[in-house]
Amino acid sequence: MSELLEKKEDLIRYFQQGGKPRARWRIGTEYEKVAVRSADCTAIPYSGPGGVEDLLRRMAANYSFEPENEHGHIMALKGERAEITLEPGGQIELSGEQCETIHCAYAEFALHVQQIVDITSQIGATVLGLGMQPLSRIDQIELLPKARYRIMYPYMARMGTLGQRMMKQTAGVQANLDYSDEADAIRKLRVSMGIVPLLYAIFANSPLSDGGLNGYHSFRGHIWTGTDSQRSGVPEFVFRGDCSFEDYAEYALDVPMYFLIRNHEYIDLTQPPGLTFRQYLARGYGRERATVDDWTNHLTTIFTEVRLKQYVEVRTADSQPPQFMLALPALLKGTLYNDDCLEAAWDLVKGWSYRERLEIADAAHKNGLDARVGRIKLQALGYELLQIAAKGLERQRALNKNGQDESIYLLRLMDLVRGGQSQASLVISRWKGEWNYDFGRLVKGCAYQAESIL
């Protein structure tokens, strides 16, 4: 039985217990990917031959993964150090191990790409280096038969206009970073939240959806603005100078709960009038009383651009082609794990008001690197951020067997951004040009290939 929680101080202590000495800092990366039928670019279903469950079954049979089941369906694969999990629309996610270096993450992801390309080729599917399903609409995408998602999906329709799109169509790449203590955690949370518009511009890669251009460079970013305002976005309190673990706990306490888990079964809490964690902590739910596991699960249902657990999770970037996937953890490790670089990154964005932050993020969703802050393009600020990160990685001196530091994982992206391009702008240009609005050409042009990891 998980430890009972009695008061707010117990929730704050949970965050405090996440602190680690610098020598034990690691970085974990979560790589979400959309997969389509190779023949027609439609999203592959979860069920049936050639579906996502079939893919997982083959992965387990061919490689050293242990299937994890829910009510007779394979929902995840557990590996020696990492897991393969699924998002609500069948997006395939590698939840990577906690790595000391990006070189470690590279080896892990390169192996995963080889395996996923091998298995998808067996079932007539292709993984695309895009941040969103380009063709299938949400009513054409099968919802994963997972209790958690069956609770969330109808709730999303009540709480926003775009939440069901978020669940079924989108894919991102996320990085998890450690902190030493409260001050360090809040500093990393604030800077990560501050650079959100730059991350959206740099990693924009969702300009296609529902069969055509959607008018955005990161439509996935725009989708988050219409998902559920009670639990998403960029909370204003993180930019206050006196922000603390208590502030984040206070915020999370007032977020309505989705569910409780008891004996591996989900108890739906989404029916009106709803129950916040604050109410649950005070009076329980029937015979149930708040536990550490309940708090841990509740924190996973908060969808802020950067969220606090017992680490800092940066969730902003659109999924990328494989050769760019490691750029996000590299950028964040270089920036947040070096004090000077962290301050330099904050200097880029500290002068914006809260309203300006939201407006700049909206502009980044729409126009990517061409969005402006006054007369300055986000392309210029984004390139400066990448330079800061590269310097941080050079100083950290984590070398691979060839004597290269981790800044090598930023080089392709730096070249792209220096030229004013993102994946989104490239896709838009190719869609109108060499692909000539043809989904067959798009599949070939965006397909994951095992040899393209770096």
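Smallest separation of non-hydrogen atoms from F15 and K309: CD2-O, 3.0 Å. Scanning all heavy atoms of the two residues, the minimum distance from P207 to A424 falls at CG-O, 3.9 Å. For the pair I202 and S422, the tightest heavy-atom approach, listed with the atom from each and the gap, is O-CB, 4.0 Å.
Heavy-atom neighbours of K20 NZ from other residues, nucleotides or ligands within 6.0 Å: above the threshold of 12. For CD of E434, the number of neighbouring non-hydrogen atoms (other residues, nucleotides, ligands) closer than 6.0 Å is greater than 12. Within a 6.0 Å sphere centred on CZ of R158, heavy atoms belonging to other residues, nucleotides or ligands number more than 12. No more than 12 heavy atoms of other residues, nucleotides or ligands sit less than 6.0 Å from atom CZ of R81.
Taking the six-membered ring where the residue is Trp, the centroids of H103 and Y106 are separated by 6.0 Å or more. If you look at Y285 and Y280, their ring centroids are not closer than 6.0 Å. Taking the ring centroids of Y311 and W25, they lie at or beyond the 6.0 Å cut-off. For Y216 and H365, the gap between ring centers reaches or exceeds 6.0 Å. Checked against a 6.0 Å centroid threshold, the rings of Y258 and Y155 count as neighbours.
Without hydrogens or angle criteria, T300 side chain to N297 main chain gives a donor-acceptor distance under 3.5 Å. Side chain of T227 to main chain of I223: a donor-acceptor pair is present (N/O by atom type, distance under 3.5 Å, no hydrogens or angles). Using a distance-only test at 3.5 Å, with no hydrogens or angles considered, no donor-acceptor pair links the side chain of E83 to the main chain of K78. The backbone N or O of L94 lies less than 3.5 Å from no partner atom in the side chain of E30, so there is not a single donor-acceptor pair. D268 places no side-chain N or O within 3.5 Å of a backbone atom of R150 that could act as its donor or acceptor partner. Using a distance-only test at 3.5 Å, with no hydrogens or angles considered, a donor-acceptor pair links the side chain of R315 to the main chain of F303. The backbone N or O of G131 sits nowhere less than 3.5 Å from a side-chain atom of D318 that would complete a donor-acceptor pair.
For the ring pair (Phe, Tyr, Trp, His ring centres under 6.0 Å) with F109, the qualifying choice from Y409, Y31, F324 is Y31, the only one to do so.
Between L328 and T29, every side-chain heavy-atom pair lies at or beyond the 4.5 Å cut-off. By the 4.5 Å heavy-atom criterion applied to side chains, M59 and Q115 are counted as neighbours. For the pair Y179/L189, no side-chain contact is recorded, criterion being any heavy-atom separation below 4.5 Å from C-beta on. Contact of the W435 side chain with the V427 side chain is registered, since non-hydrogen atoms from C-beta on lie closer than 4.5 Å. Inter-residue side-chain proximity for K432 and L213 is flagged as met; some heavy-atom pair is nearer than 4.5 Å. S180 places none of its side-chain heavy atoms less than 4.5 Å from the side chain of P21. Taking the side chain as every heavy atom from C-beta outward, Q174 and E32 approach each other to under 4.5 Å. Counting only heavy atoms from C-beta outward, the side chains of Q421 and D415 never approach each other to under 4.5 Å.
When only modelled atom types and interatomic distance are considered, Y14 and T296 share a side-chain donor-acceptor pair under 3.5 Å. T126 and S38 share a donor-acceptor pair across their side chains, judged by distance under 3.5 Å alone. Using modelled atom types, one finds no donor on one side chain facing an acceptor on the other under 3.5 Å when comparing N338 with Q396. Checking D210 against Q169 by side-chain atom types alone, a donor-acceptor pair falls below 3.5 Å. Side-chain contact check for S95 and E93: at least one donor-acceptor pair (N or O, by modelled atom type) lies under 3.5 Å. A donor atom on one side chain and an acceptor atom on the other are not found under 3.5 Å apart for T291 and D293.
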Step-by-step side chain to side chain contact (heavy atoms under 4.5 Å, CB included) determination, K33 to L128: CA-CA 7 Å; K33 302 166 293 297; L128 300 181; over 6 Å; no
Trace of the salt bridge (charged side-chain N to carboxylate O under 4.0 Å, His left out) decision for K333 with E406: CA-CA 9 Å; K333 184 174 186 284; E406 297 161 296; 2.9 Å; yes
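Checked against salt bridge (Lys or Arg N to Asp or Glu O under 4.0 Å), D362 has no partners two or more places apart in sequence or in another chain.
Remark: R165 is not positioned above the aromatic ring of W224, lacking an NZ or CZ atom under 6.0 angstrom from the ring centre and at most 45 degrees off the axis.
Taking the six-membered ring where the residue is Trp, Y63 and F65 present perpendicular rings, their angle passing 60° and hence far from 30°.
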